Amino acid sequence: MSAVTWRALATDGEARAGMLSTPHGEVSTPAFMPVGTKAAVKAVDTDDLHAVGAEMILANTYHLMLRPGADLIADLGGLHEFMSWDRPILTDSGGFQIFSLEPEITDEGAVFSSVYDGSTVELTPEDAVRIQERLGPDIAMVLDVCVGLPAPREEVEVQMRRTLQWADRSLEAHTREDQALFGIVQGGVDLDLRAESARETAALGFEGIAIGGLSVGESAEERNTALTAAVVELPPDRPRYVMGLGDTDGLLDAIARGADMFDCVIPTRLARHGRALTSTGDFNINRVEFTDDRSPLDDECGCSTCSRYTRAYLRHLVRMGELSAHRLLTIHNLTYLLDLVAGARQAISAGEFEIYVAAVRSERDSG
RNA sequence: GUGGCCGUAGCUCAGUCUGGUAGAGCACCUGGUUGUGGUCCAGGAUGUCGCGGGUUCAAGUCCCGUCGGUCACC
């Protein structure tokens, strides 16, 4: 019996709408997962997350193993109880930190210098699985090696094969039956490597498969062709998760190619930097033209920020460094992206996904 | 009243001794940020150098005067 299953509800071309079932409930797909690296989506709380329509969130193995530690979280009842979030959680394995923190990598694993105190931290694929079993998310990810692009083909190939080896070891180490383990496809923007990685990863029998190593420096076109090359090799009855992707065009492109799940720091990070995502394009609320603007961030948005506050007020909060600015903009940006994928789900079910994409882009480009 | 110090970008100031394309930090204006260190990065705009006169090829800088601020003393 699988911890996590996915079933299709509708398809439109390659795009698919479906339902992901997890130990902590169901998630409609395509789904966008806000990022809560340290067991917190920055600036908001779980009430806010429910209010903006988030059904599943993401946390991070590397950060949580260091602070406060996986054993402590396990003692306190696991991630869900620890952070008071009773819906599905997915944890990233620390693979992205292999990209962003540049640890020493061997066949055995990765050796980090802790970002908190500089101490040496080793993380093997087995460690990542064991730690995630302690943390207790609904979905755990295998430790992978995410390569920044552009990179030499040899480097991409070496790390893709290493990721496959690690995937195999991860499955071997995985014991919790109430937790799913997802494999991760690598291969950069090389179509043959992508296809091979996808085939081999799929053959290992994961309950779901992620496509990683994208949005790390390649062009949108390269990303899309790499995505297609991978997706066609994946089993149609398993969820497909594109890691780290979260700009409007990227999401629509990936959904059109059959992707089901996404996460990205864009909405939350940009919010803390004063940038608002809207149906007519994104902008920095700091701009002087908004000084006396009485309109909401987005006329079409129904979030609690847009229903109550003007651009002029939000600009003031951002400029003064008021903490509420982070929360209010984060609520709005998450609402925008979650509404975007909700619209995609609806359009797929109605057989109108292409029309939806055209409408979203047309409105954005007119604004 | 006498003496000292100060007056340069929106703000705080460097540059004056030893004349040679007017600067920095902050603030301001744009843009960037993709499996997160609330950062950071990259560009940009900004000046009657208090005012007047003099010396000089050339004055923010040297000289004279003057205005304003400030401190000390009487």
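Per chain, numbering begins at 1; letters A, B, ... match sequence-line order. It should be emphasised that the depicted structure is a prediction, and the values quoted were computed from it without experimental measurement.
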Using the [atom1] atom as the reference point in each nucleotide, state the distance between [N] and [M] in Å, no decimals.
| N | M | atom1 | result |
| --- | --- | --- | --- |
| B:A24 | B:U46 | P | 13 Å |
| B:C11 | B:U2 | P | 32 Å |
| B:C17 | B:G60 | C1' | 14 Å |
| B:U33 | B:U39 | C1' | 10 Å |
| B:G25 | B:U8 | C1' | 15 Å |
| B:G69 | B:U30 | P | 38 Å |
| B:G3 | B:G65 | P | 11 Å |
| B:G20 | B:U61 | C1' | 11 Å |

Next item on the list: Would you check if the distance from the ring center of A:F96 to the ring center of A:Y62 is below 6.0 Å?
Entry: no
Notebook entry, point to check: Does the separation of the ring centres of A:H50 and A:W85 fall below 6.0 angstrom?
Noted result: yes
Would you call [X] and [Y] a salt bridge, using N to O less than 4.0 angstrom?
| X | Y | value |
| --- | --- | --- |
| A:E207 | A:R238 | no |
| A:R161 | A:E157 | yes |
| A:D237 | A:R7 | no |
| A:R327 | A:D45 | no |
| A:R361 | A:D253 | yes |
| A:R87 | A:E55 | no |

Under a 3.5 Å limit for both distances, which nucleotide forms a Watson-Crick or G-U wobble pair with [N], could you say?
| N | value |
| --- | --- |
| B:G38 | none |
| B:G65 | B:C51 |
| B:U70 | B:G4 |
| B:C57 | B:G20 |
| B:G43 | B:C29 |

Using atom [atom1] of [X] as one end and atom [atom2] of [N] as the other, report the distance to the nearest whole Å.
| X | N | atom1 | atom2 | result |
| --- | --- | --- | --- | --- |
| A:K42 | B:U33 | NZ | P | 19 Å |
| A:F99 | B:U33 | CZ | P | 13 Å |
| A:L323 | B:G38 | CG | P | 13 Å |
| A:F283 | B:U33 | CZ | P | 16 Å |
| A:F96 | B:G35 | CZ | P | 4 Å |
| A:L227 | B:U34 | CG | P | 18 Å |
| A:R67 | B:U36 | CZ | P | 18 Å |
| A:F32 | B:U36 | CZ | P | 12 Å |

Looking only at side-chain N and O atoms, does [X] come under 4.0 Å of OP1 or OP2 in [N]?
| X | N | result |
| --- | --- | --- |
| A:R275 | B:G32 | yes |
| A:N60 | B:U36 | yes |
| A:S215 | B:U34 | no |
| A:R272 | B:U33 | no |
| A:H273 | B:U39 | no |
| A:R269 | B:G37 | no |

Check: Donor-acceptor pair under 3.5 Å: do we get one between A:D144's side chain and the base of B:G35?
Finding: yes
Check: Do other residues, nucleotides or ligands put more than 12 heavy atoms under 6.0 Å from A:R294 CZ?
Finding: no
Would you indicate what [X] reaches in the nucleic acid, counting non-hydrogen atoms under 4.0 angstrom: base, sugar-phosphate, or nothing?
| X | answer |
| --- | --- |
| A:L58 | sugar-phosphate |
| A:Q186 | base |
| A:L270 | base |
| A:G217 | nothing |
| A:S100 | nothing |

Next item on the list: Return the residues of residues 160-173 of chain A meeting this criterion: a heavy atom under 4.0 Å from some atom of RNA chain B. Order them by number, or give none.
Entry: none
Notebook entry, point to check: For A:L214 and A:R319, take the nucleotide of RNA chain B holding the closest heavy atom to each; which residue's nucleotide lies nearer the 5' end?
Noted result: A:R319
Check every atom of [options] against the side chain of [X] and return the nucleotide holding the closest atom.
| X | options | answer |
| --- | --- | --- |
| A:V115 | B:U34, B:G37, B:G35 | B:G37 |
| A:D247 | B:U34, B:G38, B:U33 | B:U34 |
| A:N284 | B:G31, B:G35, B:G38 | B:G31 |
| A:V288 | B:U34, B:U30, B:G35 | B:U30 |

Next item on the list: Determine, using the 4.5 Å side-chain heavy-atom cutoff (strictly less than), whether A:L191 and A:L227 are members of one ILVMFWY cluster.
Entry: no
Notebook entry, point to check: Below 4.5 Å, heavy atoms only, C-beta onward: do A:V231 and A:R240 meet side chain to side chain?
Noted result: yes
